[in-house]
Protein chains: 2
Amino acid sequence: MTDLAQLNYAQKERLAFIDFSLQFIGQLARADLVNHFKTGLASCSRDLTLYNELAPANMTLRHETKRYYRTAKFRPLFEHNPEAILGSLCRGFGDGLSNGIHPSAHCVDTTKLIHPNTEVIATLMRAIHNRMAVSCDYISLTSGETSRVIVPHAIANNGQRWHVRAFDMKSKEFRDFVCTRLQNLAEIADPINSSQSGEHDTAWNNILTVELVVHPSVSHPKAIELDFGMDDGFLHLEVREALLGYLMRQWNVDCSAEASLTGGEYHLWLSNAKDLPNLTSMAIAPGYGF
Amino acid sequence: MTDLAQLNYAQKERLAFIDFSLQFIGQLARADLVNHFKTGLASCSRDLTLYNELAPANMTLRHETKRYYRTAKFRPLFEHNPEAILGSLCRGFGDGLSNGIHPSAHCVDTTKLIHPNTEVIATLMRAIHNRMAVSCDYISLTSGETSRVIVPHAIANNGQRWHVRAFDMKSKEFRDFVCTRLQNLAEIADPINSSQSGEHDTAWNNILTVELVVHPSVSHPKAIELDFGMDDGFLHLEVREALLGYLMRQWNVDCSAEASLTGGEYHLWLSNAKDLPNLTSMAIAPGYGF
DNA sequence: TTAGATGCTATCATTTTGATTTGATCATTT
DNA sequence: AAATGATCAAATCAAAATGATAGCATCTAA
């Protein structure tokens with residue numbers, strides 16, 4: 001009896017591709033496998049036979065079209081993560097390799113307007129992993145261009161932009177820097193001071209629990225409960241203090257004490273706002289501290 | 001002479017993993033490869049030797065640490081797409097297979113609060129590919145729960161939620177439905193009416209060209225130009241009419257005729273707003289039509 | 001009715017992989 | 001200073017996976 005766990009990486013990948021295609025496209029032909037994996041025809045037949053052994057009820061061959069079709073009894077052989085799936089549908093299946101990409105015309109992700117530079121991300125990530133500082137020029141919205149030395153310890157997406165969280169030698173505190181506004185990065189070989197490492201970034205390491213509820217102004221709260229998968233009307237989140245403001249802004253969470261913001265975009269209310277300490281990260285949160 | 005193009009899929013994947021690790025982590029040990037691909041030790045040595053043949057200047061072994069390190073002369077062997085990279089760093093390398101996931105603690109994507117149901121996405125995608133209608137219950141924010149029959153033709157992310165674009169039999173027009181608010185989906189075997197197919201969705205098929213410029217209120221426009229990769233101060237986009245409003249809202253684009261919105265969140269201005277026809281999709285766009 | 005496309009299976013040569021052994025380097029311990 | 005242990009490389013051989021090919025089945029479309 002063959003078993004999924006015994007198979008090697010390449011075989012599992014091909015079976016996952018079959019599973020994915022059946023589940024999300026509903027059909028599959030041998031040529032699709034050949035196209036994607038640049039494999040031989042005989043292998044495809046073998047893979048399809050193997051898949052059929054592992055999940056006999058999942059697909060049937062229709063000779064009229066010479067394709068395999070998902071059956072009504074289909075049970076996925078692999079667990080596909082929803083976010084990863086949608087990414088695969090939009091970008092094409094197959095991470096890491098740029099070949100075999102044929103994105104679906106029927107699945108479009110948001111238009112990405114900001115594309116961090118690969119070299120910048122690479123340099124930052126290496127500096128983070130190797131605990132090194134980098135020198136750079138930074139163009140801030142408030143103060144324009146300045147040269148700095150920063151000690152990065154994490155990269156985070158705030159919903160629109162990728163930021164690097166770093167100790168800033170100039171201001172002597174931990175700050176966020178937008179990755180696309182960094183230029184002329186250079187690694188600095190000298191070992192960093194331990195007080196500049198990520199462990200000392202309190203706003204980053206402090207995990208807050210926030211409670212979100214459907215905004216009282218919403219006339220059909222069930223819709224919002226479905227969106228956010230709320231069982232009992234509450235959504236409890238653990239969020240880094242440094243990222244909380246971004247999160248509230250991204251999701252248009254009304255952070256006023258009494259849910260007093262009006263406007264159709266506020267679907268959620270931060271119901272424990274008064275329990276939270278006064279946070280600088282929340283300066284951008286809608287309605288906070290008014 | 002070995003050549004990248006000659007290698008099989010599995011080998012290319014392992015080389016891409018080596019390339020990726022060197023570029024974004026800066027180092028790599030044989031054990032990392034074993035861990036990820038569940039491969040034998042001997043294979044790793046072979047893969048590393050092969051990588052070294054293909055890119056001799058990219059890495060060196062340091063016996064002190066028994067790891068390979070990226071050299072200063074590193075030239076990536078594979079093209080890594082920035083969005084895909086950041087995804088890989090956050091979620092772990094290796095699409096399609098859930099094994100070998102060890103996401104970086106130093107790269108955090110936005111907190112996803114909305115998780116579309118895999119079955120719903122699968123059913124919709126199959127209906128789209130097979131040009132079929134589905135019956136469903138939909139809970140709308142304005143009118144609450146209703147039963148409908150829709151003919152989907154695309155799935156799109158509007159920046160916060162995944163929508164399905166579909167012909168709605170009830171209203172007899174093309175509309176957006178939030179995927180998480182769809183329940184009790186059932187495929188309808190009857191063939192669809194051709195007037196209900198995606199080709200007739202004019203707001204979807206109409207591609208508009210929009211011109212974005214840095215908002216005049218920004219004091220250091222260079223920062224914004226860097227964010228959006230503007231060469232000459234302009235950003236020209238081709239956008240589906242049906243998605244334009246979402247895009248303007250997602251990026252906080254001031255859509256007023258004279259860039260009259262105030263507020264630090266408006267980094268961009270839609271400079272050709274007056275050239276655009278009156279669009280229902282733009283109802284949610286900041287400042288539009290005021 | 002027949003040609004053509006695409007599917008399956010079987011066979012065999014080739015390639016890739018896994019397991020094992022031997023030897024090297026270097027940090028750590030004795 | 002020498003022994004120990006961890007991890008690397010390289011070589012070898014057996015096992016497994018893959019590619020190529022050929023013969024046959026099924027169905028569509030001409």
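In the text below, chain A, chain B and the rest are named by the order of the sequence lines, each starting its count at 1.
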Checklist entry - So what does A:Thr49 hit on the nucleic acid, given a heavy-atom distance under 4.0 Å: a base, only sugar-phosphate, or nothing? => result sugar-phosphate

Distance check needed: [N] [atom2] versus [X] [atom1], whole Å only.
{"X": "B:Asp32", "N": "D:dT7", "atom1": "CG", "atom2": "P", "answer": "11 Å"}
{"X": "B:Glu64", "N": "C:dA27", "atom1": "CD", "atom2": "C1'", "answer": "10 Å"}
{"X": "B:Glu13", "N": "C:dT16", "atom1": "CD", "atom2": "P", "answer": "16 Å"}
{"X": "B:Tyr9", "N": "C:dT16", "atom1": "OH", "atom2": "P", "answer": "17 Å"}
{"X": "A:Leu48", "N": "C:dG7", "atom1": "CG", "atom2": "P", "answer": "9 Å"}
{"X": "B:Leu61", "N": "C:dA27", "atom1": "CG", "atom2": "C1'", "answer": "15 Å"}
{"X": "B:Leu28", "N": "D:dC8", "atom1": "CG", "atom2": "C1'", "answer": "12 Å"}

Next on the checklist: Pairing check on C:dT30: which nucleotide meets the Watson-Crick or G-U wobble criteria with it, both distances under 3.5 Å?
Outcome noted: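 Pair assignment: C:dT30 / D:dA1.
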
Checklist entry - D:dT26, C:dG7, C:dC26: which one has an atom nearest the side-chain heavy atoms of A:His63? => result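 Shortest atom-to-atom distance from the side chain points to D:dT26.
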
Next on the checklist: Under 6.0 Å between ring centres: does that hold for B:Phe174 and B:His153?
Outcome noted: yes

Item to check | Validation row, ring centre B:His163 to ring centre B:Phe177 under 6.0 Å | outcome: no

Is it the case that [X] and [Y] place a side-chain donor and acceptor less than 3.5 Å from each other?
{"X": "B:Arg161", "Y": "B:Thr180", "result": "no"}
{"X": "A:Ser147", "Y": "A:Asp137", "result": "yes"}
{"X": "A:Asn130", "Y": "B:Gln27", "result": "yes"}

Checklist entry - Is the side chain of B:Arg175 donor-acceptor paired with the backbone N or O of B:Phe167 at a distance under 3.5 Å, no angle test? => result no

Can you tabulate the close N/O pairs, meaning under 3.5 Å, that link protein atoms to atoms of nucleotides 17-24 of chain D?
| from | atom 1 | to | atom 2 | distance (Å) |
| --- | --- | --- | --- | --- |
| D:dT18 | OP1 | A:Arg14 | NH1 | 3.1 |
| D:dT18 | OP1 | A:Arg14 | NH2 | 3.1 |
| D:dT18 | OP2 | A:Arg14 | NH2 | 2.9 |
| D:dG19 | OP2 | A:Thr39 | OG1 | 2.7 |
| D:dG19 | OP2 | A:Gly40 | N | 3.1 |
| D:dG19 | OP2 | A:Ser43 | OG | 2.9 |
| D:dG19 | N7 | A:Arg46 | NH2 | 2.9 |

Item to check | C:dG7 OP1/OP2 closer than 4.0 Å to side-chain N/O of A:Arg30 | outcome: yes

Checklist entry - Do A:Ile192 and A:Ser197 have side-chain heavy atoms sitting under 4.5 Å apart? => result yes

